[in-house]
Amino acid sequence: MRDELFAIVDVDSMYASVEQVFDPRIRGRPVCVLSNNDGCVVTMTAEAKALGVERGQPWFQLRNHPRRAEIVFLSSNYGLYGDMSARMLAILQSVTPRWEAYSIDEAFLRIPAEGATATAVRIRERIGGWLGLPVKVGVAPSKTLAKVAAKRAKQRTERVDNLAEVEPRRVQAILDEFPVADVWGIGPRLTARLAAHEVGSAGQLARLDPGWVRRNYTVVVERTVRELRGISCIPLECSPPPRRQMVHCRALGKPVTDEHEVVDTASTFAQRIAAKLRRHHRAAGLVQVWLSSGGSYYSGAPIDVHGSQALLEPTNAARPLALAAARLARRLYQPGYQYRRIGIILPDLVAEHQVTGMWTTAKNRTIDEALTAAIDSVTSRYGKAAIGLGRAGVRTRAEWEMKQQVRSPAYTTRWDELLVAHAR
DNA sequence: TCTGGGGTCCTAGGACCC
DNA sequence: TCTGGGGTCCTAGGACCC
């Protein structure tokens, strides 16, 4: 008998559910949350799905939906979702310190096999009661099987499923019914390749010889085979490994054609990513900039250029990163194109304490340290847009800033947007 | 007019070493 | 006729996740 099991806690359509927590009027209604720039649907409630809305569907297409008037569309409000996610993790911490934040709406836990189902029910009740978020909980001997259990939990009224208490033969039957494409770690490519080997269900995949799978596929798929057999190969990661790379790329709210605007945008993005580097105590020695006219669905001449520049030594200060990004953007810029997508990529990050400062002059180092400290203290008090270098320090929104026509308030993270209760 | 934004890991192949 | 055998490191690309 195993003494510990994996549990996965998964919020039902997280973004939409959070919006419903703060706005009772939209509970029970079809709700769709849109991507950045209000481009396409990223999350929707079951009610919206029932109306035929699909994940990834562009918003402009849905404006002609026959039942458009019933559907609630909202811009994404990542600050709010991130804050609710942190609160959920705090609740899990009250159950066990052995949890892993897997994504904004999912966490894995290690829980004792004894009373595991009761624990799962308690977690669900606590998150539902304290935060108002609906979750499902899957429990099993491996992470991959816990994900299977969570999918099953969705169909059940109690929203909890523990595969460890199902008898083995019945588990086999469950896996035989489970499409291989829905297995965690099996994407569209592998699904197609597996189909060629007549493997269409999780049960069939689990019965393949692990050695053969390793030779014909990869060690990743081999692990999945073992995990489906109930042998845990993917451990819980309580402390997340340090970031290896950081990316900040955005589709712009409006295409940009002017060189200055392209350079300003790259510089602003670099400052945002520099702040993120500092929060993670990481530093970057290489800056890559990417300019693109968007996808093939746009008219106009396409352009898609990358450039990179090594810094003298790794840093997370705003000034050198912004300068490098601006220089690269200027170099990559070509007139006559419409730029709709700009990105900064920082690969090969190192720990902040590894930076020696050997290659920076004392004067520059002093300037960078003072500037960075000033920027961090001002933004922590007055918000991200309060101060910055160049265009980033201008408070009015630039035209290319993200389109968010229907964003809800940042109820939990901004004093000026707090939820207000009115007495009748 | 309008189609997201992050991440991770693995593998194959090239370059280079002795 | 017949042209070694290991290693390491790096990069690009593929595949996956939410």
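Naming convention: chains lettered A, B, ... in sequence-line order (proteins, then strands); numbering from 1 in each chain.
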Any donor-acceptor N/O pair under 3.5 Å between B:dG4 base and A:Arg341 side chain: no
Between C:dC18 (P) and A:Tyr81 (OH): distance, integer Å: 19 Å
Side chain of A:Leu190 - closest among B:dG5, B:dG7, C:dC16: C:dC16
Using the 3.5 Å cut-off, write out each protein N or O paired with an N or O of nucleotides 9-14 of chain B and the distance between them.
residue : atom : partner  : partner atom : Å
B:dC10  : OP1  : A:Arg223 : NH2          : 3.3

Phosphate OP1/OP2 of C:dC17: any A:Lys143 side-chain N/O under 4.0 Å: no
Residue pair A:Asp368 / A:Pro320, side-chain heavy-atom distance below 4.5 Å: yes
Interatomic distance where CD belongs to A:Gln405 and P belongs to B:dC2 [whole Å]: 14 Å
Sugar-phosphate, base or nothing in reach of A:Lys147, heavy atoms under 4.0 Å: sugar-phosphate
Along DNA chain B (nearest heavy atom to each residue), the more 5'-positioned of A:His248 and A:Phe60: A:Phe60
Non-hydrogen atoms of A:Ser308 and A:Gln288 that approach each other most closely: CB-CG, 3.5 Å
Any pair counted as salt bridge (charged side-chain N to carboxylate O under 4.0 Å, His left out), so long as it reaches residues 266-295 of chain A, sequence neighbours left out: A:Arg272-A:Glu401, A:Arg278-A:Asp376
Residue A:Arg55, side-chain atoms from C-beta onward, closest of B:dG7, B:dT3, B:dG4: B:dG4
Pairs satisfying salt bridge (charged side-chain N to carboxylate O under 4.0 Å, His left out), at least one member in residues 82-102 of chain A, at least two apart: A:Glu4-A:Arg98, A:Asp83-A:Arg87, A:Glu100-A:Lys143
Given C:dC17, B:dG5, B:dG7, the nucleotide with the shortest approach to the side chain of A:Asn37: B:dG5
Phosphate-side-chain proximity, A:Lys276 and B:dG5, N/O vs OP1/OP2 below 4.0 Å: no
N-O pairing of A:Glu106 and A:Lys147 below 4.0 Å: yes
Euclidean distance, atom CG of residue A:Leu34 to atom C1' of B:dT3 [Å, nearest integer]: 12 Å
All pairs passing ring pair (Phe, Tyr, Trp, His ring centres under 6.0 Å) where residues 83-102 of chain A contributes a residue, at least two apart: A:Tyr102-A:Phe108, A:Tyr102-A:Trp184
Selected nucleotide, minimal atom distance to A:Asn36 side chain, candidates C:dC16, B:dG4, B:dG6: B:dG4
Residues which pass side-chain hydrogen bond (donor to acceptor under 3.5 Å, both in side chains) with A:Lys254, listed by chain and number, not counting sequence neighbours: A:Glu399
Ranges pairing with ranges for DNA chain B, where each run has three or more Watson-Crick or G-U pairs under 3.5 Å: B:5-18 with C:5-18
Along DNA chain B (nearest heavy atom to each residue), the more 5'-positioned of A:Ala251 and A:Lys403: A:Lys403
Side-chain (A:Ser85) to main-chain (A:Ile104) donor-acceptor, under 3.5 angstrom: yes
OP1 or OP2 of B:dG6 under 4.0 Å from side-chain N/O of A:Arg250: yes
Sugar-phosphate, base or nothing in reach of A:Val183, heavy atoms under 4.0 Å: sugar-phosphate
Nearest heavy-atom neighbours spanning A:Gln309 and A:Ala324: OE1-O, 3.8 Å
Options B:dC2, C:dC18, B:dG4, nucleotide nearest the side-chain atoms of A:Arg340: B:dC2
A:Arg68 CZ to B:dC2 C1', straight-line distance once rounded to whole Å: 14 Å
Separation between the P atoms of C:dC18 and B:dT3, rounded to whole Å: 25 Å
Aromatic plane relationship, A:Trp290 with A:His306 - under 30° parallel, 30 to 60° tilted, over 60° perpendicular: parallel
A:Val42 side chain, from C-beta outward: closest of B:dG4, C:dC18, B:dG7: B:dG4
Atom-pair distance (CD1 on A:Ile8; C1' on C:dC17), nearest Å: 11 Å
Whole-Å gap separating P (B:dG6) and CD (A:Gln245): 11 Å
